[in-house]
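Notes for the one structure printed next.
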Amino acid sequence: MLKVGLTGGIAAGKSLVARRLRERGALLIDADVLSREVVEPGTPGLQAVVAVFGKEILTDDGGLDRPALGAAVFGDHAKREQLNAIIHPLVRARSAQLVADAEPERIVVQDIPLLVETGQGSRFHLVLVVDAPEEVRIRRMISDRGMAEADARARIAAQATHAERLAAADVVLENVESQEAILARVDRLWNERLEPFAANLAAARVAASSGGPVLAEPRSDWPQQAKRLADRIRSANERILAVDHIGSTAVPGLPAKDVIDLQVSVRSLAEADAVAGSLASAGFPRRPGLWRDIPKPSHPDPADWEKRLHGNADPGRSANVHVRVTGSPGWRFALGFRDWLRDNPQMAQEYLAEKERLANLHAMDSSTGRYAKDKERWFAEVAEPAMQEWMRRVHWQPDSAAG
């Protein structure tokens, strides 16, 4: 099933988005609701809280006095961490049970205010962040919740920063206009991305490509996007040794097709086959067929270039996932080519010129297959000899955790 993490800063409008997603058919799991359930009277959770903070945080009838507990931890990082160490594991266990009990075809949305702060992004196929400028949120807290401005600013300061949330977000839903506007954005997201993503996951199918080769201007967030995908892949299976961002989007300033290429390192092709199911569950199904990179002159045996190829089931983020054996020729070429281009801006420009020539040649193609195949001549005749010489000169070693 498609698992979506929903978060946002206080007064950004996350609850409104959550309600709309539930109206569209999502199973909504609210961490705030669960955090109350796990400390109800008689629960092990409440007993653990009392053991740390004392009976002063109980009401006369034995329930949790939330204002008293809040006063005890507010502004005290160590005490807040103690409380989180009790509550968060209980909430995650209850959330996991609700997910396990859900129908497989459901889209599950977990509303987690502290998703970014607790580093849970890799647990989800997609992270949605509801966002609004800080001053807008402060005005909302003052007018809608009756908070003093100083208290509103303190609440914001205690949460993740704006930059930290954006770094964790696959989708940012800006909520600065009317309710109708944000709800319309949610509806488009549901129709154009969440439902197709869920269907692709259920069918173990890579999202359809967008056609022929189109080069995009370099985006500063390509590395950030790659990191989010890599974190999900890395956590999918312990057999995965490393995940590296490769290809043109890994070279700063280089125009490229808006496709993230990732290399997954494994010990053997048998291990590559063993992790295929985990990758599919994480949102990266295997592409059918047998795949190998075209051999380069320095290592001409085709058998040594075999790999497995996966793609992203998410229609909103094209990605190729190349599963290669650590130390194999294809594995070394992918890392070496990236590092060579990063270190040689002139060669990066020559590569760009070749890509632009071939993109124009294949502009009317329905896929990027012939474009990719035609690039191989430049790789073999120009890139590989120059790259090998550069490797010897700089004593290059693979910059990968699996190296």
Side-chain angles (χ1 to χ4, degrees), residues 210-227 229-230 242-265 292-300 304-305 307 309 318-322 324 326-365 367-403:
S210 57
V214 177
L215 300 184
E217 287 302 307
R219 293 178 51 172
S220 61
D221 66 338
W222 274 337
Q224 211 168 63
Q225 293 186 45
K227 182 181 184 304
L229 300 182
V243 185
D244 293 289
H245 186 196
I246 59 170
S248 295
T249 59
V251 180
L254 183 64
K257 300 190 306 298
D258 188 16
V259 179
I260 301 295
D261 280 275
L262 298 169
Q263 176 165 272
V264 172
S265 301
R292 62 165 54 100
D293 299 305
I294 295 179
K296 306 302 183 289
S298 64
H299 205 106
D304 293 334
W305 293 79
K307 66 178 179 180
L309 185 62
S318 295
N320 294 318
V321 180
H322 309 261
R324 296 185 174 106
T326 300
S328 66
W331 181 90
R332 288 181 60 84
F333 184 87
L335 296 173
F337 185 71
R338 176 200 65 188
D339 295 348
W340 174 61
L341 290 183
R342 287 176 175 177
D343 197 45
N344 292 271
Q346 181 178 347
M347 294 307 302
Q349 288 305 306
E350 287 191 28
Y351 181 44
L352 173 60
E354 179 67 6
K355 291 201 300 179
E356 289 175 337
R357 183 184 74 82
L358 293 175
N360 289 330
L361 181 64
H362 296 291
M364 303 306 294
D365 289 5
S367 74
T368 59
R370 292 200 301 168
Y371 164 84
K373 184 177 181 180
D374 283 355
K375 280 197 302 182
E376 288 296 328
R377 181 175 179 179
W378 188 86
F379 287 149
E381 296 181 0
V382 179
E384 219 242 354
M387 186 182 78
Q388 291 292 340
E389 190 280 328
W390 171 82
M391 287 178 170
R392 289 189 293 270
R393 177 166 50 84
V394 302
H395 306 289
W396 177 82
Q397 292 297 325
D399 182 16
S400 169

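Only heavy atoms go into these numbers, but all of them, side chains included; no hydrogens, no water, no symmetry mates. None of these values were measured; they are calculated from a predicted model.
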Can you measure from [atom1] ([X]) to [atom2] ([Y]) and round to the nearest 0.5 angstrom?
{"X": "Ser328", "Y": "His299", "atom1": "OG", "atom2": "NE2", "result": "9.0 Å"}
{"X": "Asn344", "Y": "Met387", "atom1": "CG", "atom2": "CE", "result": "11.0 Å"}
{"X": "Lys227", "Y": "Asp221", "atom1": "NZ", "atom2": "CG", "result": "14.0 Å"}

Please output the side-chain donor-acceptor pairs of residues 389-396 that fall under 3.5 Å, not counting sequence neighbours, one pair per line with the distance.
residue : atom : partner : partner atom : Å
Trp390  : NE1  : Asp343  : OD2          : 2.8
Trp396  : NE1  : Asp339  : OD2          : 2.9

- prompt: So Trp340 and Phe337, would you call those rings parallel, tilted or perpendicular, with 30° and 60° as cut-offs?
  reply: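 Geometry flag for Phe337 against Trp340: tilted rings.
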
field: Non-neighbouring partners of Asp293 that pass salt bridge (charged side-chain N to carboxylate O under 4.0 Å, His left out), sequence neighbours left out
entry: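 Residues passing salt bridge (charged side-chain N to carboxylate O under 4.0 Å, His left out) with Asp293: Lys307, Arg324.
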
message: If you apply the rule side-chain contact (heavy atoms from CB on, under 4.5 Å), what do you find for Leu352 with Leu215, and how did you get there?
response: CA-CA 9 Å; Leu352 173 60; Leu215 300 184; 4.3 Å; yes

- request: Indicate yes or no: does Glu354 engage Arg357 in a salt bridge with an N to O separation below 4.0 Å.
  value: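 A salt bridge is present here (some side-chain N lies under 4.0 Å from a carboxylate O).
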
Does [X] reach the side chain of [Y], with side-chain heavy atoms less than 4.5 Å apart?
{"X": "Thr326", "Y": "Trp331", "value": "yes"}
{"X": "Gln225", "Y": "Arg219", "value": "yes"}
{"X": "His322", "Y": "Leu309", "value": "yes"}
{"X": "Asp365", "Y": "Tyr371", "value": "no"}
{"X": "Met347", "Y": "Val382", "value": "yes"}

List the atom of [X], the atom of [Y], and the distance in Å for their closest heavy-atom pair.
{"X": "Ala380", "Y": "Pro385", "result": "O-CD, 3.4 Å"}
{"X": "Pro297", "Y": "Glu384", "result": "CD-OE1, 3.5 Å"}
{"X": "Ala319", "Y": "Leu229", "result": "CB-CD1, 3.9 Å"}
{"X": "Arg332", "Y": "Gly327", "result": "CD-O, 3.8 Å"}

Only distances under 3.5 Å count here; give the side-chain donor-acceptor pairs of residues 245-259 to other protein atoms, sequence neighbours excluded, each with its distance to 0.1 Å.
residue : atom : partner : partner atom : Å
His245  : NE2  : Thr249  : OG1          : 2.8
Ser248  : OG   : Lys355  : NZ           : 2.9
Asp258  : OD1  : Trp222  : NE1          : 2.8
Asp258  : OD1  : Arg317  : NH1          : 3.3
Asp258  : OD1  : Arg317  : NH2          : 2.9

task: Take atom CZ of Arg342 as the centre, draw a 6.0 Å sphere, and report whether it contains more than 12 heavy atoms from other residues, nucleotides or ligands.
output: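 Check passes, neighbour count above 12.
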
- request: For Arg377, look at atom CZ and say whether over 12 heavy atoms of other residues, nucleotides or ligands are found less than 6.0 Å away.
  value: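 12 or below, so no.
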
